[in-house]
Amino acid sequence: MTTSSNIATNVSELARLKTLHNGTKEQLTFSDAEFERRLAGLRQIMAAKSLDAVILTSYHGIKYYSDFLYTTFGRNYALVVTAKNSTTVTANIDAGMPWRTSYGENIVYTDWKRDNFYYGLQEALKRDGVKASRIGVEDDFLPGLTRQKIQDTFAGATLLDVSQDAMRQRMIKSAEEIEVIKHGARIGDLGGEAIKAAIREGISEYEVALIGTEAMVHEIAKTFPHREVRDTWVWFQSGINTDGAHNWATTRKLQRGDILSLNCFPMTSGYYTALERTLFLGEPDARSLELWNVNVEVHKRGLELIKPGAVCKDIAAELNEIYIAHGLLPNRTFGYGHSFGVLSHYYGREAGLELREDIDTVLEPGMVVSMEPMITIMDGEPGAGGYREHDILVINEDNTVENITKFGFGPENNIIDA
């Protein structure tokens, strides 16, 4: 272990691990008390499973418990949690940034020997005097080869999954988390307004997307000036490109009569929020208007159904009946909503809190969920395109439900003059 550069004449003499307390700790997204609350919850999981340590390797796991969001670029990252401490294990290419931007300690591993990352995991446990016989890992986000390497590194230990327990902990948001999520919803609305103002015939999807992204990024930087600015994006789709919810913007130019889909995703310190709306450039035809209004009907009813004590699968079942009445159930494309928190298009998913027919989770205070019905009509059929709306709802401690999305939806709000 070294705290400074040694004079070396060849690579074999370079340190395997480093301590890089470069600069000073920066202001984190949440208070120290909030991170201690989270770690205490993880240690309760450890105690219930008789674990000596947990090695978290996912973006969302490390971010949730330390505030550090890594950039993998082909390297491994971890957060090692014991009964005493939490320690990020990060690559030398990031230098002192992980330590500055995380809660807890940090070990830096170098590239000079291939298995230095695993050596760093060993060092983290050694520092705390832990000889682990049972180690928690995240099997939902742990490649098989990496898991085997961890097993080989701790040959006498049993690896047990903690991903589902950690997910359930993340499903209940604290007041500090909800405050960040509310800012994200507000910023998504600002992005939506910028997009709506930019829509015109002849502009390309990607140009509209850039306008929305820029508006949100500036507001994120203003609202969270002490945190890194990253990962915010927009999916803006038109015409046939609206058929899928996750279709990226293209060079297609908007035309009069197009169905449009506005999708803003502000990322505030690793926390995902979203605004999604159907729009039309010019008056929609009769069938398009009919389909749009059916989806709005489902959306409105869904907003009413989200309340404490409601069961996810029951919400889905009731909303299905509306589509069945209109002969549109086969046109559904995904579940009716999901949880929010540490989430992005490349990490995180609190799958136990989705509004689907196979989820029996009961809604309770502290949960944050979306209502986002969508149907797709295939190309060549009357009203072709994808129709969806999306609001975010917070279930408060007093059992009230707050819709934190303020951007208007439906034909009365989102027909754009061509």
Atom pair [atom1] ([X]) and [atom2] ([Y]), whose distance is rounded to the nearest 0.5 Å:
| X | Y | atom1 | atom2 | result |
| --- | --- | --- | --- | --- |
| Ile150 | Gln122 | CD1 | CD | 11.5 Å |
| Ile377 | Thr242 | CD1 | OG1 | 10.0 Å |
| Leu355 | Lys313 | CG | NZ | 13.5 Å |
| Glu207 | Ile199 | CD | CD1 | 13.0 Å |
| Asp94 | Leu20 | CG | CG | 10.5 Å |
| His183 | Arg186 | NE2 | CZ | 6.0 Å |

Is the shortest heavy-atom distance from the side chain of [X] to the side chain of [Y] under 4.5 Å?
| X | Y | value |
| --- | --- | --- |
| Leu69 | Ile62 | no |
| Ile315 | Leu363 | yes |
| Val89 | Val80 | yes |
| Tyr323 | Val294 | yes |
| Leu260 | Leu254 | yes |
| Tyr109 | Tyr119 | no |
| Phe154 | Leu121 | yes |
| Val342 | Tyr59 | no |

Residue pair Tyr64, Phe35: steps toward the ring pair (Phe, Tyr, Trp, His ring centres under 6.0 Å) verdict: CA-CA 8 Å; Tyr64 183 76; Phe35 286 109; 8.4 Å; no
Counting only N and O atoms by type, is there a donor-acceptor contact under 3.5 Å from the side chain of [X] to the main-chain atoms of [Y]?
| X | Y | value |
| --- | --- | --- |
| Ser102 | Pro98 | yes |
| Glu138 | Ser58 | yes |
| Lys18 | Ala95 | no |
| Asn116 | Thr110 | yes |
| Ser66 | Phe68 | yes |
| Thr268 | Gly184 | no |
| Thr333 | Ala245 | no |
| Asn414 | Gly408 | yes |
| Gln151 | Ala157 | yes |

Assess, by modelled atom type and distance only, whether the side chains of [X] and [Y] contain a donor and an acceptor separated by less than 3.5 Å.
| X | Y | result |
| --- | --- | --- |
| Ser339 | Glu350 | yes |
| Ser238 | Arg252 | yes |
| Thr278 | Arg388 | no |
| Glu389 | Trp292 | yes |
| Glu177 | Tyr271 | yes |
| Asp243 | Thr376 | no |
| Thr29 | Ser269 | yes |
| Glu354 | Tyr336 | no |
| Glu176 | Ser174 | no |
| Asn76 | Thr57 | no |
| Asp161 | Ser163 | yes |
| Thr250 | Glu205 | yes |
| His246 | Gln237 | no |
| Glu364 | Asn399 | no |

Mutual orientation of the aromatic rings belonging to Trp233 and Trp235 [parallel < 30°, tilted 30-60°, perpendicular > 60°]: perpendicular
Aromatic ring pairing Tyr272/His338, orientation class (parallel under 30°, perpendicular over 60°, tilted between): tilted
Taking NZ, NE, NH1 and NH2 as the nitrogens, is one of them in [X] or [Y] under 4.0 Å from a carboxylate oxygen of the other?
| X | Y | answer |
| --- | --- | --- |
| Glu123 | Arg16 | no |
| Glu228 | Arg100 | no |
| Asp391 | Arg277 | yes |
| Asp165 | Arg170 | no |
| Lys182 | Glu179 | no |
| Asp115 | Lys149 | yes |
| Arg38 | Glu34 | yes |

Verdict with supporting geometry, His299 and Phe409, ring pair (Phe, Tyr, Trp, His ring centres under 6.0 Å): CA-CA 10 Å; His299 185 60; Phe409 61 84; 4.8 Å; yes
Does NZ or CZ of [X] lie under 6.0 Å from the centre of the six-membered ring of [Y], at an angle within 45° of the ring axis?
| X | Y | value |
| --- | --- | --- |
| Arg356 | Phe334 | no |
| Arg227 | Phe224 | no |
| Arg349 | Tyr347 | no |

Could you report the tightest heavy-atom contact between [X] and [Y], atom names first, then the distance?
| X | Y | answer |
| --- | --- | --- |
| Gly348 | Leu343 | O-CD1, 3.0 Å |
| Arg332 | Ile375 | N-CG2, 4.1 Å |
| Ile306 | Ser370 | CD1-O, 4.0 Å |
| Pro266 | Ile220 | CB-CD1, 4.0 Å |

Trace of the side-chain contact (heavy atoms from CB on, under 4.5 Å) decision for Thr82 with Val54: CA-CA 7 Å; Thr82 66; Val54 168; over 6 Å; no
More than 12 heavy atoms from other groups under 6.0 Å of [atom1] on [X]:
| X | atom1 | value |
| --- | --- | --- |
| Lys406 | NZ | yes |
| Lys25 | NZ | yes |
| Ile93 | CD1 | no |
| Tyr346 | OH | yes |

Among Ile392, Val298, Leu303, Asn403, side chain to side chain contact (heavy atoms under 4.5 Å, CB included) partner for Met371: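 Of the listed residues Ile392, Val298, Leu303, Asn403, the side chain to side chain contact (heavy atoms under 4.5 Å, CB included) partner of Met371 is Leu303.
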